[in-house]
Asks: 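If you scroll down you'll find the structure; I have some questions about it.
Within every chain, numbering begins at 1; the chains are lettered A, B, ... in the order of the sequence lines, protein sequences first and strands thereafter. Side chains included, hydrogens not; waters and symmetry mates left out as well; all remaining heavy atoms used. What you are looking at is a predicted structure, and each value in this text was computed from that prediction instead of being measured.
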Amino acid sequence: MCGRFTLTKDKEEIAERFEIHIDPAMFSKTYNAAPSQTLPIITNTAPEQASFHKWGLIPHWAKDEKIGNKLINARGETIAEKPSFRDAAEKRRCLVITDGFYEWQRSGGEKQPYRITLADESLFTFAGLWESWSAPNGRDVRTFTIITTEPNGLMKPIHKRMPVMLTPENERVWISDEPLEEVLHLLKPYDEKEMNAYPVSSRVNSPKNNDISILNIAQQTIF
DNA sequence: CCAGACGTTGTT
DNA sequence: GTCTGG
DNA sequence: CCAGACGTTGTT
DNA sequence: GTCTGG
């Protein structure tokens, strides 16, 4: 799955790479983006700018916003059927801007966090879905979720799932007006030859730790 | 008909 | 909102 | 995802 | 154990 990621590039570089406008008052780089935070995405309805949504999807029909705590990921295999995701999958797709994500490898009681990036550590996007939920107080809460798929060869030793990563050629297709059926084929594991993974400090475990030192290579136990 | 769920991951 | 279970 | 809380009353 | 907050 994907429950934490990074966005460490300057907003100028992000704006240029995705050809979007970024509100400088809203943007800040992060080494530890976590669920519930408001983060930059590119939606199908406003693809020329960064939109800032809360991580954790609240379906439009929800009575209780707490459901968003659970919907931080959506299985790509079932988004067309699940009541929580199918409307968004058809009409409200998005790109989540990132330059790496964390996964925790479990062996016994131990867990070791890894950071996974493109081989050149460049910017890329996760395939996502977004929603706008009307809170009881009348305000709209805009949210998103990250789609997952089975792991590729790089990820398999680390985790059973991985986020769907899009190539630059595919990212605008994902948020096009095509019917869901026409873009579902994009929800597959990324080419592992284009990726890299390395262990990082367990300081990343606490979402309040958000500085470059969490990227330090962890001591690895070699058996 | 109404009430209640609607999700993922990991672990047992 | 829509579906399932009772 | 992980970390941290998980409670009430009364007083300051 | 389960929920909330980041």
Side-chain angles (χ1 to χ4, degrees), chain A residues 1-8 26 28-40 52-92 96 98-117 126-136 140-151 155-165 180 187 189 197-211 213-215 218:
Chain A
M1 77 185 297
C2 177
R4 221 74 79 70
F5 65 88
T6 61
L7 183 53
T8 70
M26 292 294 292
S28 54
K29 63 171 68 173
T30 174
Y31 293 92
N32 212 347
S36 81
Q37 292 176 352
T38 299
L39 298 159
F52 290 84
H53 287 218
K54 213 169 129 75
W55 186 4
L57 193 95
I58 307 174
H60 56 87
W61 43 258
K63 292 190 184 71
D64 186 349
E65 64 186 314
K66 289 195 185 103
I67 192 173
N69 297 336
K70 299 171 180 172
L71 306 186
I72 66 170
N73 292 127
R75 293 180 63 90
E77 297 90 331
T78 54
I79 51 168
E81 290 85 41
K82 294 291 184 184
S84 294
F85 301 129
R86 58 188 176 197
D87 294 347
E90 193 64 60
K91 300 287 183 193
R92 289 179 292 279
V96 183
T98 183
D99 57 7
F101 60 98
Y102 300 106
E103 294 285 8
W104 280 260
Q105 179 185 54
R106 287 175 158 81
S107 46
E110 300 298 294
K111 58 185 175 189
Q112 170 63 56
Y114 286 78
R115 180 167 184 245
I116 298 93
T117 64
F126 300 127
L129 307 174
W130 66 273
E131 279 279 9
S132 185
W133 179 73
S134 282
D140 286 335
V141 182
R142 292 175 303 168
T143 61
F144 72 95
T145 192
I146 295 172
I147 299 174
T148 63
T149 186
E150 58 187 327
M155 292 301 302
K156 233 165 231 155
I158 301 174
H159 209 75
K160 288 181 180 172
R161 302 287 293 173
M162 69 180 287
V164 173
M165 305 163 61
L180 176 63
L187 304 183
Y198 60 94
V200 296
S201 164
S202 59
R203 292 192 66 246
V204 75
N205 291 4
S206 174
K208 288 180 181 175
N209 289 339
N210 179 10
D211 61 75
S213 73
I214 64 181
L215 300 186

Asks: Between D:dT8 and E:dG5, how many Å separate the two C1' atoms, rounded to a whole number?
Replies: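 The answer is 22 Å between these two C1' atoms.
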Asks: Hey, does A:I214 have a side-chain heavy atom less than 4.5 Å from the side chain of A:V200?
Replies: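 No, side chains not in contact.
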Asks: So, for A:V141 and A:A135, which heavy atoms are closest and what is the spacing to 0.1 Å?
Replies: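 Nearest pair, atom of A:V141 first, then A:A135: CG2-CB, 4.3 Å.
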Asks: Pairs counted only when both distances fall under 3.5 Å, Watson-Crick or G-U: show me the 5' to 3' dot-bracket for DNA chain D, [ ] for pseudoknotted crossings and | for other-strand partners.
Replies: ||||||......
Asks: C1' atom, B:dT11 versus D:dC2: distance in rounded Å?
Replies: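 About 16 Å, rounded to a whole number of Å.
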Asks: Just to verify, which of A:N210, A:D211, A:L215, A:N32 counts as forming a side-chain contact (heavy atoms from CB on, under 4.5 Å) with A:R203?
Replies: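 Of the listed options, the one satisfying the test is A:D211.
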Asks: With a non-hydrogen cut-off below 4.0 angstrom, is A:T148 in contact with a base, only sugar-phosphate, or nothing?
Replies: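 A:T148: backbone/sugar contact only, no base atoms under 4.0 Å.
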Asks: Which of residues 84-92 of chain A have a heavy atom under 4.0 Å from DNA chain B?
Replies: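 The stretch gives A:S84, A:F85 as the residues lying under 4.0 Å from the strand, ordered by number.
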Asks: When rounded to the nearest Å, what value does the distance between C1' atoms of D:dC6 and B:dA3 take?
Replies: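 Straight-line distance between the two C1' atoms is 29 Å.
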Asks: Report yes if some heavy atom in the side chain of A:T143 is under 4.5 Å from a heavy atom in the side chain of A:W133; otherwise report no.
Replies: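 Contact flag for A:T143/A:W133 side chains = no.
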Asks: Looking only at non-hydrogen atoms, find the nearest pair between A:E150 and A:E77 and report the distance.
Replies: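 So the two residues come closest at N-OE2, 4.2 Å.
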Asks: Grab the CG-P distance between A:L39 and E:dG6 for me, whole Å please.
Replies: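 Interatomic distance, CG of A:L39 to P of E:dG6: 14 Å.
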Asks: Aromatic rings A:F5 and A:W55: how do their planes relate, parallel, tilted or perpendicular, breaks at 30° and 60°?
Replies: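 Taking A:W55 first and then A:F5, their aromatic rings sit tilted (interplane angle of 30° to 60°).
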Asks: Under 4.0 angstrom, heavy atoms only, what part of the nucleic acid is A:I72 near: base, sugar-phosphate, or nothing?
Replies: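 It contacts base atoms.
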Asks: With a 4.5 Å limit on heavy-atom distance, are the side chains of A:I67 and A:I58 in contact?
Replies: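 Yes, side chains in contact.
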Asks: Measure the distance from CD on A:E81 to P on C:dT2 and round it to the nearest whole Å.
Replies: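 Between P of C:dT2 and CD of A:E81: 17 Å.
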Asks: Which pair of heavy atoms, one from A:P59 and one from A:S84, lies closest together, and at what distance?
Replies: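 The pair with the smallest heavy-atom distance is CG-O, 3.9 Å.
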Asks: Under a criterion of less than 4.0 angstrom to any heavy atom of chain A, what are the 5'-terminal and 3'-terminal contacting nucleotides of DNA chain B?
Replies: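 Using the under 4.0 Å cut-off, the span is B:dC6 to B:dT11.
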Asks: Quantified in whole Å, what is the P atom distance between nucleotide B:dC1 and nucleotide E:dG6?
Replies: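 Nearest-Å result for B:dC1 against E:dG6 at atom P: 43 Å.
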